[in-house]
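Worksheet: the structure to be examined is printed underneath.
Side chains are part of it too, since the values below use all heavy atoms of this structure and drop only hydrogens, waters and symmetry mates.
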2 protein chains.
Amino acid sequence: MVGIDDVAAAAGVSTATVSRAIRGLPRVSPATRAKILATAEDLGYVPSSAASRLATGKTRTIGVLAPYVDRWFFGKAIAGVDQELHERGYNLSLFNLGGRITPRERLFSRSMVHKQIDALLLLCMFLHPEEIDDLHAIDMPLVVVGGPVRGCSSVGIDDYLAARSITQHLIGLGHRHIALLHGSGDAELNFSVPKIRVEGFHDAVHDAELELNPDAEFFGNFTVESGVEAMRRFMELPEPRPTAIACASDEMALGVLFEARRHGVRVPEDLSVVGIDGHEMGASAGLTTVWQDPTSQARRGTQMLLAEIGGEIGAVHSETAVQRLIVRESTAPPAAF
Amino acid sequence: MVGIDDVAAAAGVSTATVSRAIRGLPRVSPATRAKILATAEDLGYVPSSAASRLATGKTRTIGVLAPYVDRWFFGKAIAGVDQELHERGYNLSLFNLGGRITPRERLFSRSMVHKQIDALLLLCMFLHPEEIDDLHAIDMPLVVVGGPVRGCSSVGIDDYLAARSITQHLIGLGHRHIALLHGSGDAELNFSVPKIRVEGFHDAVHDAELELNPDAEFFGNFTVESGVEAMRRFMELPEPRPTAIACASDEMALGVLFEARRHGVRVPEDLSVVGIDGHEMGASAGLTTVWQDPTSQARRGTQMLLAEIGGEIGAVHSETAVQRLIVRESTAPPAAF
DNA sequence: GTGAAAGCGCTAACAC
DNA sequence: GTGTTAGCGCTTTCAC
């Protein structure tokens with residue numbers, strides 16, 4: 001395995017000079033640098049990251065902690081982090097909780113994250129209070145993407161506004177009887193996004209002085225399956241049923257769409273359906289939604305982290321991401337309107 | 001920052017003993033071990049991975065090279081790798097190509113992958129011939145998941161069989177005029193999966209002595225959007241149109257479903273649709289498909305890698321993963337049958 | 001602009 | 001069962 005001193009010897013310089021030359025530091029004459037780069041090249045020299053990590057204390061690696069990796073938001077976000085990172089020669093170390101929420105014994109202070117990364121990007125997830133504390137205890141740039149976490153900087157859309165605006169869209173179309181399908185707001189866990197969206201729904205409904213039928217409030221877990229299941233329960237409601245259903249995610253809304261079709265419920269004639277997210281499937285299915293871009297949110301978060309690492313103190317801060325109501329074919333005025 | 005000798009001093013032993021105790025190596029008396037673990041605990045000691053990487057030459061990190069991270073197969077697979085890895089204290093370093101295929105200047109021999117990982121898991125993707133060569137040149141356990149790559153061990157389903165069996169399912173139902181929607185088989189790139197699936201389609205059709213209308217062969221890129229687009233072109237075919245369409249992925253099949261609905265084409269009455277993959281959306285939509293499980297395929301691949309690293313030579317080998325035809329509501333005998 | 005040498009914090013012989 | 005010590009391969013003062 002060719003090391004730095006092999007290069008040094010071959011180029012007739014010291015290891016210190018090789019080190020500087022390779023890393024593009026100043027104080028190396030152009031001629032020397034060129035020669036070193038050339039010898040390094042044909043010796044096939046690749047610096048040992050382990051050695052330089054040890055010497056510098058920097059890992060040039062960012063950790064990404066994600067509750068899931070095979071769900072829309074998270075996949076998109078991870079792609080964003082990766083883009084930003086690899087452009088700059090950083091590595092991405094992925095920690096996937098795989099939906100596990102129980103035995104994450106002190107995740108953050110443990111070897112897992114500690115000393116293996118220079119900064120941490122947390123993807124919106126449920127956190128136990130003590131986990132949040134651990135999070136704050138690690139001395140490392142930290143940002144969360146996709147939802148607020150107490151005491152942390154985060155980048156993401158205004159979820160309240162998102163839920164509110166799709167509900168208002170429905171109301172604006174003339175719907176007076178609206179069903180809600182939201183994510184479960186397990187109180188024990190600080191997964192605030194579902195809760196915030198629920199508030200947006202509720203406030204929009206109440207502001208319009210409409211009644212909210214408690215039987216028409218369904219809970220899902222942001223998956224298609226839970227959308228299907230919710231629609232099944234929807235069909236058990238006595239007629240007249242709500243003329244619209246507002247879902248807290250596109251995936252759930254798609255489930256609703258699929259199950260509606262199965263029951264011969266026409267969308268939007270019999271039922272208007274809206275989601276939140278901007279999932280590609282939703283676009284193809286003609287789903288009205290509030291669009292957001294997890295990839296660029298994650299890029300933004302990563303940029304902040306990198307800037308902070310680079311010494312720009314205060315680079316990490318909360319930022320609200322763009323969102324946009326996209327009206328497609330799944331919404332229309334109610335039949336009787 | 002508390003280091004190994006702080007622990008050694010506090011526990012009144014040598015660093016060597018601390019090292020053994022922490023890593024659970026033998027030759028440490030239970031009493032000593034307990035005391036060391038305790039002091040380490042309350043000193044908040046976390047070993048420096050950089051130092052131990054340097055000393056051992058092992059990174060305890062597996063690299064995952066993926067063309068995409070926000071697509072079904074890849075997200076599922078990454079989740080699988082992660083499960084297997086974190087259970088055993090390994091790290092997952094993610095390299096996402098983000099669909100980029102052009103400027104991947106000698107990916108594998110570069111610092112990117114080199115010396116940063118102990119093994120590489122490659123997720124099924126297009127590879128330039130020289131990239132395959134570079135791949136073989138790196139001296140590191142390697143396995144590919146999700147599709148064959150020349151000269152590499154791989155785990156994945158039999159794509160030929162998958163395509164063949166969904167096509168035969170259609171034929172068995174009585175369809176005589178079948179459209180095909182396959183992934184593009186860019187000849188320049190060794191992304192063999194699309195090609196293999198195409199062959200499966202074709203052979204099944206020919207074996208049944210049916211004609212294949214070249215105009216009824218569409219190409220997509222495995223996305224929903226391309227399914228929508230293909231269905232649009234399908235509708236431009238002169239009647240009588242094919243009574244079924246076999247798609248090389250569920251995502252494309254879903255696109256077909258969405259667009260069919262838009263044109264008032266009833267599935268399966270007017271058109272039977274099949275996919276390949278076992279996407280959750282497909283399940284909810286009632287799509288007939290050949291199911292596969294990328295997560296367990298990736299776990300399997302990871303296990304092999306880990307075994308190989310562990311000294312079990314020959315642990316990495318090719319393996320065929322399970323697949324299963326799942327008949328749902330999107331297929332039925334043709335109307336005229 | 002370049003070199004010598006002292007670490008960085010562990011691990012792995014080897015000795016006891 | 002435990003301690004000593006020499007590295008692992010870089011980076012980084014500090015001289016020159």
- Message: Using whole Å, what does the distance between atom P of nucleotide C/dA12 and atom CG of B/L25 come to?
- Response: 8 Å
- Note on the structure: Rounded to whole Å, the CZ-C1' distance (A/R23 to D/dG9) equals 13 Å
- Got a salt bridge between A/K58 and A/D118, using NZ or NE/NH1/NH2 to carboxylate O under 4.0 Å? no
- Task: In whole angstrom, give the distance that lies between atom CG of A/L54 and atom P of C/dG7.
- Result: 14 Å
- The side chain of B/I4 lies closest to which of these nucleotides: D/dT4, C/dT11, D/dT12? C/dT11
- Assign each of B/G12 and B/A51 to its nearest nucleotide of DNA chain D by heavy atoms, then name whichever residue's nucleotide is nearer the 5' end. B/G12
- Note on the structure: Among the nucleotides D/dT4, D/dG9, C/dA5, whichever has the atom closest to the side chain of A/S48 is D/dG9
- Could you check if a side-chain atom of A/V144 sits within less than 4.5 angstrom of a side-chain atom of A/L123, using non-hydrogen atoms only? no
- Query: Between D/dG7, D/dT4, D/dC10, which nucleotide has the shortest distance from any of its atoms to the side chain of B/T15?
  - Reply: D/dT4
- Item | Interatomic distance where NZ belongs to B/K115 and C1' belongs to D/dC8 [whole Å] | 12 Å
- Query: C/dG9 P sits how many Å from B/K58 NZ, rounded?
  - Reply: 23 Å
- Query: Hey, is the side chain of B/T17 poking within less than 4.0 Å of OP1 or OP2 on D/dG3, counting only N and O atoms?
  - Reply: yes
- Item | side chain to side chain contact (heavy atoms under 4.5 Å, CB included) partner of B/I62, the single match among B/N91, B/L120, B/L94, B/L85 | B/L85
- Note on the structure: Looking only at D/dT4, C/dT2, D/dG9, the nucleotide nearest the A/R20 side chain is C/dT2
- Message: Between P on C/dG7 and CG on B/D5, what's the gap in Å once rounded to a whole number?
- Response: 13 Å
- Residue pair B/Y45 / B/V2: nearest heavy atoms and the distance that separates them: CD1-O, 3.4 Å
- Item | Presence of donor-acceptor pair under 3.5 Å, side chain of A/R53 and base of C/dG9 | no
- Would you please confirm or rule out a distance under 4.0 Å between OP1 or OP2 of D/dG3 and any side-chain N or O of B/R27? no
- What one should report as the nearest heavy-atom pair of A/F74 and A/Y68 is CB-O, 3.1 Å
- OP1 or OP2 of C/dT11 under 4.0 Å from side-chain N/O of B/S19: yes
- Note on the structure: A/M1 CE to D/dC8 C1', in whole Å, measures 14 Å
- Query: Does a side-chain N or O from A/S29 land closer than 4.0 Å to OP1 or OP2 of C/dT2, or not?
  - Reply: yes
- Can you tell me if the side-chain N/O atoms of B/S14 get under 4.0 Å from OP1 or OP2 in D/dG3? yes
- Task: Under 4.0 Å between any heavy atoms, over every strand shown, what does A/T32 touch: base, sugar-phosphate, or nothing? Just pick one.
- Result: sugar-phosphate
- Query: Of the nucleotides C/dG9, C/dA4, D/dC10, which one has an atom closest to the side chain of A/A16?
  - Reply: C/dA4
